[in-house]
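As structure tokens, the structure follows; a few thoughts come after it.
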Amino acid sequence: MNGATGPTGRDSDRRVVGSAHVPAMRSVEQHLADVLAKIRPLPPFEQHLLDAHGLQLAEDVIAPRDVPLFDNSAMDGYAVRRIDVRGADQDNPAVLTVVQEIPAGAATTTEIGPGECGRIMTGAPVPPGADAVVPVEWTDGAADGTVRIYRTPDEGAHIRRVGEDVRAGQPLLSAGTMLGARQIGLLAAVSRDLVAVRPSPRVVIISTGSELVEPGTEPGPGQIPDTNGYTLAAAAREAGAVVYRVGVVADDAKLLLDTIEDQLIRADLIVTTGGVSVGAYDVVKEALSGLGTVEFGRVAMQPGMPQGFGVLGPEETPIFTLPGNPVSAYVGFELFVRPAIRKLSGRQDGLHRPVVEAVCLAGFKSPAGKRQFVRGVVVTPAGSDGRIEVRPVGGSGSHLMGGLAQANCLIAVPEDQTRVEAGDVLPVILLDGTPPETAASAAPASPEGPSNAGER
Ligand code: AMP
Ligand code: MG
């Protein structure tokens, strides 16, 4: 598996498709490279510890102090001079005078002299003179007066020494580390309250289409629920973004431009869907073409051929205009927007989904001159010695969400392959991490496999 390749992970993918086949179409790699060249990682900023949770550390943290800060007791018991309790046992207990009580947080302690001890609690500072702590279970537990001690502790027993966990000046966490609970805990333990982190990119999602209504609203005649807004909001979140999903925008160029302008203030990246074909009402194209900073092109892929990308506003905020069909929008997001979000968030690695080679269990047709991304279910059958298998799922229509929801990968069929046969080995983009192990081979694919008439 290779976690740092392009959308299919094969060298042959860098091949430029013959221009005789597909004039004016760019390869997936070319479009991705153009996009990524325009994305700059967001600058780091200081955050309070809890707000840094889940973000990427942007500094090398050196321990500013020792942990523990002072010698302290690991047990509730008695701080003793070991010499005073040597040889103590059940029949011959050592008898010591309890001269002080030392709770956790005690600011001062007094020196333990010969024949003396201090009643000490877990986490309390070990007083001068004491060189071991006897757990209360080895004693008669007296609170004051004298205490009987029935066993001899080892030298230094139950004392947590200054700096034994972390030494001042030692490297603690390196830039690039994702701050989870354990790392946040370590920073707190060395008393850091602010750390430099990369912010989560703020991604604004705008669905265009006069036919769209909110899920939960009964669709009227000709209306459909906004699917893309939710798919992409969730996908952007999974990519590590803070997401603002703007409600549906009707097919009105002025309304769309106003909406985008309003959103620029809080966006590190904007995604629109719909309105990029050549039909009437293709408002995204209409609204943004005139600005001159957003390019609408065709990428040699299916689904998702119409791909617009550019920058907007004073901050040169990147904007992606994805096609309206839900699967096209999702595939475009996976291939181009997700890597852009990852780059914005400052990731050196992990820009791309992992790609594996898998044996395809069913044959199907594939369009010439375009890389086809086919929804699939990838598995590692038990007893297959790690052989990975994939079967296409659902049809290839770019409106078919049922199959997409079952899929855990996209099978990338090369541009020059017009027919996939059962048994062919193809690169597969993993959408959910490692392929799950299964007891049996995957279920049979649909007999026709995906068809691809008229998809974009
Ligand atoms: P368009 O590119 O705007 O012509 O949209 C292409 C197809 O995708 C049409 O069938 C639209 O109804 C559909 N579509 C566009 N946006 C969405 C959306 N947000 N949710 C579901 N379907 C959509
Ligand atoms: Mg539309």
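Indexing begins at 1, ligand by ligand and atom by atom, following the structure's order. Just so it is clear, the values below take in all heavy atoms, side chains as well, and ignore hydrogens, waters and symmetry mates.
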[X] touching ligand 1 at heavy-atom level, < 4.0 angstrom:
| X | answer |
| --- | --- |
| Pro323 | no |
| Gly209 | no |
| Pro225 | yes |

Inset, instruction - Please work out which of Pro215, Ala329, Gly324 has its closest non-hydrogen atom nearest to atom 14 (N) of ligand 1. - result: Gly324
Legend entry - Option set Val276, Ile205, Ile224, criterion heavy-atom distance to atom 22 (N) of ligand 1, minimum: Ile224
Legend entry - Rounded distance [0.5 Å steps], CG in Asp76 versus CD1 in Ile120: 9.5 Å
Inset, instruction - Not counting sequence neighbours, which residues clear ring-ring contact (aromatic ring centres under 6.0 Å, His included) with Tyr330? List them please. - result: none
Using a strict cut-off of 4.0 Å, indicate which atoms of ligand 1 neighbour a heavy atom of [X].
| X | answer |
| --- | --- |
| Asn325 | 6 (C), 7 (C), 8 (O) |
| Asp226 | 18 (C), 19 (N), 20 (N) |
| Gly275 | 1 (P), 2 (O), 3 (O) |

Inset, instruction - Could you tell me whether Val248 approaches ligand 1 through its side chain, its backbone, both or neither, with non-hydrogen atoms closer than 4.0 Å? - result: neither
Legend entry - Side chain, backbone, both or neither: Glu211 near ligand 1, heavy atoms under 4.0 Å: side chain
Inset, instruction - Give a yes or no on this: more than 12 heavy atoms of other residues, nucleotides or ligands lie within 6.0 Å of atom CD of Glu295. - result: no
Legend entry - Salt-bridge contact Glu415-Lys370 (side-chain N to carboxylate O under 4.0 Å): no
Legend entry - Any pair counted as ring-ring contact (aromatic ring centres under 6.0 Å, His included), so long as it reaches residues 290-318, sequence neighbours left out: Phe309-Phe320
Inset, instruction - Work out which heavy atom in Pro339 is nearest to a heavy atom in Glu334; give both atom names and the distance. - result: CD-O, 3.5 Å
Legend entry - 4.5 Å side-chain heavy-atom contact, Met401 and Thr231: yes
